[in-house]
Amino acid sequence: MSEQKREQWGSKVGFVLAAAGSAIGLGNIWKFPYVTGENGGAAFVLIYLISVVLLGLPIMIAELVIGRHTEKDPVGAFKAMLGGTGWVIIGYMGVLSGFFILSFYSVIGGWTLGYIVNSITGLTSSLKDVGTAKVAFNEFTHDTVMVVLYHFLFIAACVFIVIRGIKNGIEKWSKVLMPLLFIIIIVLIVRGLSMDGAIDGVAFFLKPDFSKINTDSVLSALGQSFFSLSLGMGAIITYGSYLSREDKILHSAIYIVILDTVIAIMAGLAIFPAVFAMGLNPNSGPGLIYHVIPAVFANMAYGGVFATLFFMLLFIAALTSGISLLEVVVAYITDEKGWSRKKAVLIFGTVIFLLGVPSALSFNVMENITVFVGNNFFDFMDKLTSNFMLPIGGFFIAIALGWKYGLDKTMHELDPDTRIISLKELWAFTIKFVSPILVLLVFIFNFIRQIGD
């Protein structure tokens, strides 16, 4: 695609909302709150914020720099910077990561659609306790036809938005979905805080408890800061490639990180006050969303309304991430293979749907079929990308820009009129010496934990 014809974001706000939407996913709504609660509350949040500054933000800036500097997809970007060397493999890994992640992520996105329907029809109103909610969720995921259908509908929603392009598709819908996400989460926070006993949930979530902070907590915070921002999968490089020369990368990256973190904290304030007010157990880990939350709303006045809003919140978070993952693949095909956007979106949307079917079936007809070291297909795809492909990609992105290509060739991409003159130098030091070490620690930590499991 020629430089003149390449699409660009229509506005800075549109880009920031789209990129924040890419970063804000299901992990912000369910994983960050329960991990925070289990690891010392506000003490963990403090370590997380430090991790964002030292790991997440520098690599996000690096990906934006690579994207705008080359104005290409991840594969084209590494080709442009480092020619025909083996470094282009990192670009391919980014595209493949987006391809793989969306295939199983859309299954979870489909669950949110299913629970929106169940909430509207009143089915979730009968889930008065956690045990009943667990049984209902198990029955839901064992309905083979419905989980595949919802998986298809989620992919279809991603296709509907991405096929319209950057300005008229991703940016336009991000300007609608992101404010809606904020409105819903604020409504849920107000409702939760108005309940008797809610203050105990706030204390659980945000009261500092440094006695719970250990090496695992620090490494978990590092990992969360990396994965929460959608790094290492080519999405931010791709979105960066549509930036105009007038857009300020440093400022935009800071806004994106702030939005991502604020939403994660707001999600905790929406969830834990209500959980405590209902006297339910907050230490439910990943099962918090589908086992505990339905029981919370079932025992609440107008619970069906708030349950619908909550699962709409989950769906929006999943969708804004899903469209960025699909765009990674589409950008590669249109840039490198010369396909039209419509053809690329329709064909690869279909392929991703088909690849995701075994993940959808991993909770029913394929639940006893293992594909690698005791993992079913869904778990294998999740662990392959999260524990290996993404941290490896993030590590080599930092090394490629900081050491191989050279920061002197890209420093001009950063804000020329920033009032914090030293911020450029601070980023340069961090991306060369700090971030690669930290992301390597995350990789080793996840690898050791995987062996332990």
Side-chain angles (χ1 to χ4, degrees), residues 13 16-18 20-21 23-34 36-37 45 108-109 111-128 133 154 157 173-206 228 255 258-280 282 284 288-322:
V13 171
V16 169
L17 289 177
I24 296 167
L26 293 173
N28 294 73
I29 309 300
W30 67 271
K31 186 174 182 181
F32 182 83
Y34 83 71
T36 298
V45 173
I108 308 174
W111 294 350
T112 68
L113 277 172
Y115 266 67
I116 290 172
V117 173
N118 290 346
S119 299
I120 292 173
T121 58
L123 291 178
T124 57
S125 298
S126 62
L127 310 178
K128 299 291 185 179
F154 185 85
W173 279 92
S174 294
K175 286 181 176 179
V176 174
L177 294 170
M178 292 304 292
L180 183 58
L181 182 147
F182 268 96
I183 292 170
I184 292 174
I185 204 168
I186 289 171
V187 170
L188 291 171
I189 288 173
V190 171
R191 180 65 182 97
L193 292 177
S194 68
M195 301 170 69
D196 293 335
I199 194 64
D200 292 332
V202 176
F204 172 81
F205 180 51
L206 291 180
S228 176
Y255 292 146
I258 289 174
L259 282 174
D260 180 77
T261 304
V262 166
I263 286 293
I265 293 174
M266 290 175 72
L269 291 175
I271 291 172
F272 288 114
V275 170
F276 271 81
M278 290 300 173
L280 296 173
S284 301
L288 182 67
I289 293 300
Y290 292 103
H291 299 164
V292 178
I293 295 300
V296 169
F297 291 122
N299 289 283
M300 180 188 295
Y302 304 104
V305 174
F306 290 104
T308 302
L309 288 175
F310 180 79
F311 288 108
M312 282 180 62
L313 171 69
L314 282 181
F315 171 70
I316 292 170
L319 182 60
T320 53
S321 293

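Please read all numbers here as calculations on a predicted model, not as lab measurements. These values consider heavy atoms only, across backbone and side chains, with no hydrogens, waters or symmetry-generated copies. We count residues from 1, following the sequence as given.
Considering every non-hydrogen atom in both Ala298 and Ser125, the closest pair reads CB-O, 3.6 Å. When all heavy atoms of Ala264 and Phe32 are compared, the closest pair comes out as CB-CD2, 3.4 Å. Closest approach of Pro273 and Gly268 over heavy atoms only: CD-O, 3.6 Å. Contact between Val296 and Ala274 at its shortest, heavy atoms only, is CG1-CB, 3.7 Å. Closest heavy-atom contact between Tyr290 and Ile108: OH-O, 4.0 Å.
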*asked:* Set out, in order, the CA-CA distance, both residues' side-chain angles and the distance that settles side-chain contact (heavy atoms from CB on, under 4.5 Å) for Leu193 and Val202, then state yes or no.
replied: CA-CA 9 Å; Leu193 292 177; Val202 176; 3.6 Å; yes
_Test side-chain contact (heavy atoms from CB on, under 4.5 Å) on Met266 and Leu188; report intermediate values, then the result._
CA-CA 9 Å; Met266 290 175 72; Leu188 291 171; over 6 Å; no
*asked:* Set out, in order, the CA-CA distance, both residues' side-chain angles and the distance that settles side-chain contact (heavy atoms from CB on, under 4.5 Å) for Lys128 and Asn299, then state yes or no.
replied: CA-CA 6 Å; Lys128 299 291 185 179; Asn299 289 283; 3.9 Å; yes
*Can Leu269 and Leu206 be said to form a side-chain contact (heavy atoms from CB on, under 4.5 Å), step by step?*
CA-CA 9 Å; Leu269 291 175; Leu206 291 180; 3.9 Å; yes
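With hydrogens and angles ignored, the 3.5 Å screen pairs no side-chain donor or acceptor of Lys175 with any backbone N or O of Leu17. Within the 3.5 Å criterion, the main-chain N or O of Gly25 finds a donor-acceptor partner in the side chain of Asn28. Here the side chain of Asp260 pairs no donor or acceptor atom with the backbone of Ala20 at under 3.5 angstrom.
Within the structure, the side chain to side chain donor-acceptor pair (under 3.5 Å) test picks out the following pairs touching residues 176-198 (sequence neighbours left out): Arg191-Ser194.
Interatomic distance, CG of Leu259 versus CG of Leu181, reported as 10.0 Å (0.5 Å rounding). With rounding to the nearest 0.5 Å, the separation of CD1 in Ile265 from CD1 in Ile189 is 10.5 Å. Within the model, atoms CG of Asp200 and CE of Met195 stand 12.5 Å from one another, a figure rounded to the nearest 0.5 Å.
With Tyr115 as the partner, the side-chain contact (heavy atoms from CB on, under 4.5 Å) test is satisfied by one option alone out of Leu123, Ile120, Thr124: Thr124.
Taking the side-chain contact (heavy atoms from CB on, under 4.5 Å) definition, one finds that Val117 meets it with Thr121, Tyr150, sequence neighbours left out.
Using cut-offs of 30° and 60° for the angle between ring planes, the Phe204 and Phe276 rings count as tilted.
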Anything under 3.5 Å between a donor and an acceptor, one on a side chain of residues 300-322, the other on a protein residue two or more places apart or in another chain? List them.
residue: Thr308; atom: OG1; partner: Gly304; partner atom: O; Å: 2.8
residue: Thr320; atom: OG1; partner: Gly21; partner atom: O; Å: 2.9
residue: Thr320; atom: OG1; partner: Ile316; partner atom: O; Å: 3.1
residue: Thr320; atom: OG1; partner: Ala317; partner atom: O; Å: 3.1
residue: Ser321; atom: OG; partner: Gly21; partner atom: O; Å: 3.4
residue: Ser321; atom: OG; partner: Ser22; partner atom: O; Å: 3.0
residue: Ser321; atom: OG; partner: Ile24; partner atom: O; Å: 3.1
residue: Ser321; atom: OG; partner: Ala317; partner atom: O; Å: 3.4

